[in-house]
Amino acid sequence: MKYGNSILQHGRFNNRIYIMTLAENDLPGIIGFADDLAKRENYTKIFGKVPASSADMFASAGYVVEASIPSFFQGKEEAVFMAKYFDPERRKTANATELTEIRAAALEHTGRKERGSLPNGFTLRPARTEDTEKLADLFRKVFPTYPFPISDPEYIRTNMQDNVRYFLIKEGDKIAAASSCEVDKESLTAEMTDFAVDPHYRGRSFAGILLEEMEKTMRREGIITAYTIARSASLPMNAVFAGAGYRFGGMLPNNTNISGSIESMNTWYKKL
């Protein structure tokens with residue numbers, strides 16, 4: 001949904017509001033609007049990606065900083081991920097020790113990127129509209145739940161026409177793995193997301209191969225910063241980003257309904 005020129009996503013599935021893009025001229029009104037919406041719908045969390053220059057305004061309204069990405073907006077201004085909780089239980093991370101250990105293990109991969117290569121018989125290319133049905137099938141197979149409706153071919157088609165680039169690794173007609181870049185030409189950033197590898201093809205470094213290809217494409221398009229919001233509980237995915245030179249930006253507690261439940265998410269970022 002939109003508030004002025006800002007974009008928000010909300011729903012009971014994630015039980016939250018996400019301020020995805022914030023237009024400066026929508027302040028301070030958007031803060032009260034989000035509060036009213038959360039109370040009306042009984043959401044337990046609001047979080048948003050906002051410029052550091054707006055952080056004090058959100059802090060005054062009860063928000064806390066959970067993560068940050070330096071030089072996010074056009075390579076100049078820091079982005080901060082800020083959250084406000086309407087239920088204190090949602091802020092508590094029951095598996096905090098486990099998530100800390102996973103993050104530490106992932107960070108051990110920093111600077112140790114494994115150079116993967118496609119096996120014979122596999123190809124990597126950008127996705128096309130005729131791929132959307134099979135893409136949706138893969139996402140449905142890999143993710144029991146997901147914060148956005150990526151198992152809907154029409155949703156994927158709409159994204160392709162907008163600001164999302166999908167990439168595929170295929171063996172013949174079968175999609176073995178996929179991922180996407182959500183491009184923001186205004187901030188010159190790209191979110192590296194939607195990584196899905198068919199269980200039959202795991203253990204071949206396909207996520208890292210896709211990430212490297214997406215980075216090359218984004219550099220050609222003039223994107224300055226790449227980032228991701230990855231499942232805190234997934235050592236393989238966090239290790240892929242740490243190994244590719246991404247830096248840890250912070251954790252978003254109990255943030256996203258993915259793989260069957262609401263999970264905490266890690267932010268990672270890299271200057272391209």
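Since this is a predicted model, take the numbers as computed values, not measurements. Start at 1 with the first residue, then count along the sequence.
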A.B. asks: Between Y146 and M160, is there shared hydrophobic-cluster membership here, with clusters defined by ILVMFWY side-chain heavy atoms closer than 4.5 Å?
C.D. replies: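 In one cluster: yes.
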A.B. asks: If you apply the rule side chain to side chain contact (heavy atoms under 4.5 Å, CB included), what do you find for L22 with F58, and how did you get there?
C.D. replies: CA-CA 12 Å; L22 174 66; F58 281 88; 3.8 Å; yes
A.B. asks: Given side chain to side chain contact (heavy atoms under 4.5 Å, CB included), test S53 with E77 step by step and report yes or no.
C.D. replies: CA-CA 8 Å; S53 57; E77 185 174 5; 2.7 Å; yes
A.B. asks: Could you report the tightest heavy-atom contact between A79 and K49, atom names first, then the distance?
C.D. replies: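 Heavy-atom minimum between the residues: CB-CG, 4.3 Å.
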A.B. asks: Hey, mind stepping through R125 and D131 against salt bridge (Lys or Arg N to Asp or Glu O under 4.0 Å) and telling me if it holds?
C.D. replies: CA-CA 11 Å; R125 64 166 173 81; D131 299 311; 2.9 Å; yes
A.B. asks: Treating T21 as the side-chain partner and I7 as the backbone partner, does any N or O pair qualify as donor plus acceptor under 3.5 Å?
C.D. replies: yes
A.B. asks: Please determine if E221 and R165 form a salt bridge, counting it only when a charged side-chain N lies under 4.0 Å from a carboxylate O.
C.D. replies: yes
A.B. asks: Please check this pair: side chain of S205 against backbone of G208, looking for a donor-acceptor N/O pair closer than 3.5 Å.
C.D. replies: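 Looks like no, no N/O pair under 3.5 Å.
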A.B. asks: Determine whether the aromatic ring centres of F47 and Y18 lie less than 6.0 Å apart.
C.D. replies: yes
A.B. asks: Once you round to the nearest 0.5 Å, how far does CD1 of I30 lie from NZ of K2?
C.D. replies: 11.0 Å
A.B. asks: Rounded to the nearest 0.5 Å, how far does OG1 of T132 lie from CG of N159?
C.D. replies: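 Interatomic distance, N159 CG to T132 OG1, rounded to 0.5 Å: 11.0 Å.
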A.B. asks: By the ring pair (Phe, Tyr, Trp, His ring centres under 6.0 Å) test, which pairs, at least two apart or in different chains, include something from residues 218-249?
C.D. replies: F72-Y227, F195-F241, F241-Y246, F248-W268
A.B. asks: Quick one: CD1 on I262 to CG on N15, what's the gap to the nearest 0.5 Å?
C.D. replies: 5.5 Å
A.B. asks: May I ask you to decide whether E66 forms a salt bridge with K45, counting only side-chain N to carboxylate O separations under 4.0 Å?
C.D. replies: yes
A.B. asks: Step by step, would you call Y43 with D87 a side chain to side chain contact (heavy atoms under 4.5 Å, CB included)?
C.D. replies: CA-CA 9 Å; Y43 296 142; D87 180 352; over 6 Å; no
A.B. asks: Is there side-chain contact between V64 and M82, with at least one heavy-atom pair below 4.5 Å?
C.D. replies: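 No. Closest side-chain heavy atoms not under 4.5 Å.
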A.B. asks: Nearest 0.5 angstrom please: T189 OG1 to E182 CD, how far?
C.D. replies: 9.0 Å
A.B. asks: Side-chain contact test, heavy atoms from C-beta onward, threshold under 4.5 Å: evaluate it for R16 versus I46 and give yes or no.
C.D. replies: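 When only atoms from C-beta onward are counted, I46 and R16 do not touch, as no gap falls below 4.5 Å.
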A.B. asks: Going hydrophobic residue to hydrophobic residue with side-chain gaps under 4.5 angstrom, can you get from L138 over to L118?
C.D. replies: no
A.B. asks: For atom NZ of K76, decide whether the heavy atoms of other residues, nucleotides or ligands shown that lie under 6.0 angstrom number more than 12.
C.D. replies: no
A.B. asks: Side chain of R202, backbone of V197: donor and acceptor closer than 3.5 Å?
C.D. replies: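 At least one qualifying donor-acceptor pair exists.
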A.B. asks: Could you check whether any side-chain N or O of N255 sits under 3.5 Å from a backbone N or O of M265, counting only pairs where one atom can act as donor and the other as acceptor?
C.D. replies: no
A.B. asks: Got a donor-acceptor contact below 3.5 angstrom from the D26 side chain to the N5 backbone?
C.D. replies: yes
A.B. asks: Would you confirm whether S232, through its side chain, and N266, through its main-chain N or O, come within 3.5 Å as a donor-acceptor pair?
C.D. replies: yes
A.B. asks: Quick one: are Q9 and N14 in side-chain contact, heavy atoms under 4.5 Å?
C.D. replies: yes
A.B. asks: Under 4.5 Å between side-chain heavy atoms, counting indirect links through other Ile/Leu/Val/Met/Phe/Trp/Tyr residues: same cluster for Y166 and V142 or not?
C.D. replies: yes
A.B. asks: With distance as the sole test, does T267 use its side chain to make a donor-acceptor pair with the main-chain N or O of G250 at under 3.5 Å?
C.D. replies: yes
A.B. asks: Any heavy-atom pair between the side chains of F81 and V65 that's under 4.5 Å?
C.D. replies: no
A.B. asks: Heavy-atom count check: over 12 atoms from other residues, nucleotides or ligands less than 6.0 Å from E41 CD?
C.D. replies: yes
A.B. asks: A side-chain contact here means heavy atoms from C-beta on lying under 4.5 Å apart; do V164 and V183 qualify?
C.D. replies: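 No - every pair of side-chain heavy atoms lies 4.5 Å or more apart.
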A.B. asks: Do the charged groups of D137 and K134 touch, with an N to O distance under 4.0 Å?
C.D. replies: no
A.B. asks: Taking C-beta and beyond as the side chain, do E78 and I69 meet within less than 4.5 Å on heavy atoms?
C.D. replies: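 No. Closest side-chain heavy atoms not under 4.5 Å.
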A.B. asks: Taking the six-membered ring for Trp, are Y155 and F148 parallel (under 30°), tilted (30 to 60°) or perpendicular (over 60°)?
C.D. replies: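 Ring orientation of Y155 relative to F148: parallel.
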A.B. asks: Atom CD of residue position E130 - does it have more than 12 heavy atoms of other residues, nucleotides or ligands inside 6.0 Å?
C.D. replies: yes
A.B. asks: Within a reach of under 6.0 Å around CZ of R247, are more than 12 heavy atoms found that belong to other residues, nucleotides or ligands?
C.D. replies: no
A.B. asks: Minimum heavy-atom separation for I258 to P147, with atom names?
C.D. replies: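 Closest approach of I258 to P147, heavy atoms only: CB-CD, 4.2 Å.
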A.B. asks: Show your reasoning for whether side chain to side chain contact (heavy atoms under 4.5 Å, CB included) applies to T217 and C181.
C.D. replies: CA-CA 9 Å; T217 302; C181 313; 5.9 Å; no
A.B. asks: Ignoring hydrogens and geometry, is there a side-chain-to-backbone donor-acceptor pair from N254 to K92 under 3.5 Å?
C.D. replies: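 Yes; at least one donor-acceptor contact below 3.5 Å.
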A.B. asks: Please report the shortest heavy-atom distance between I31 and A61, naming the atom on each side.
C.D. replies: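 Closest approach of I31 to A61: CG2-CB, 3.6 Å.
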A.B. asks: Do you reckon L37 sits in the same ILVMFWY cluster as I19, going by side-chain contacts under 4.5 Å, direct or chained?
C.D. replies: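 Yes; tracing contacts between hydrophobic side chains, which count when under 4.5 Å, links both residues.
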A.B. asks: Is it the case that the side chain of D184 and the backbone of S187 share a donor-acceptor pair, with hydrogens and angles ignored and the cut-off at 3.5 Å?
C.D. replies: yes
A.B. asks: So, does S179 use its side chain to make a donor-acceptor pair with the main chain of L210 at under 3.5 Å?
C.D. replies: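 No, the answer is negative, given that no donor and acceptor are paired below the 3.5 Å cut-off.
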A.B. asks: How about L124 and L168: do any of their side-chain heavy atoms sit closer than 4.5 Å?
C.D. replies: no
A.B. asks: Does atom CZ (R90) have a neighbourhood of more than 12 heavy atoms from anything else shown, all under 6.0 Å?
C.D. replies: yes
A.B. asks: Rounded to the nearest 0.5 Å, what separates atom OG in S180 from atom CG in N163?
C.D. replies: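 Between atom OG of S180 and atom CG of N163 there are 9.5 Å.
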A.B. asks: Would you say that P153 contacts L135 through its side chain, given a criterion of any heavy-atom pair below 4.5 Å between the two side chains?
C.D. replies: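 SC-SC contact between P153 and L135 ruled out.
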A.B. asks: State, to 0.1 Å, how close K270 and G245 come at their nearest heavy-atom pair, and which atoms those are.
C.D. replies: CG-O, 4.1 Å
A.B. asks: Where do P144 and G260 come nearest, in terms of heavy atoms and distance?
C.D. replies: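 It is CB-N, 4.1 Å.
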A.B. asks: Heavy atoms only: give me the nearest A196-F143 pair and the separation to one decimal.
C.D. replies: CB-CE1, 3.8 Å
A.B. asks: What is the distance from atom CD1 of I17 to atom NZ of K84, rounded to the nearest 0.5 Å?
C.D. replies: 10.0 Å
A.B. asks: Out of curiosity, does Y269 fall in the hydrophobic cluster containing L252 (side-chain heavy atoms, cut-off under 4.5 Å, transitive links)?
C.D. replies: yes
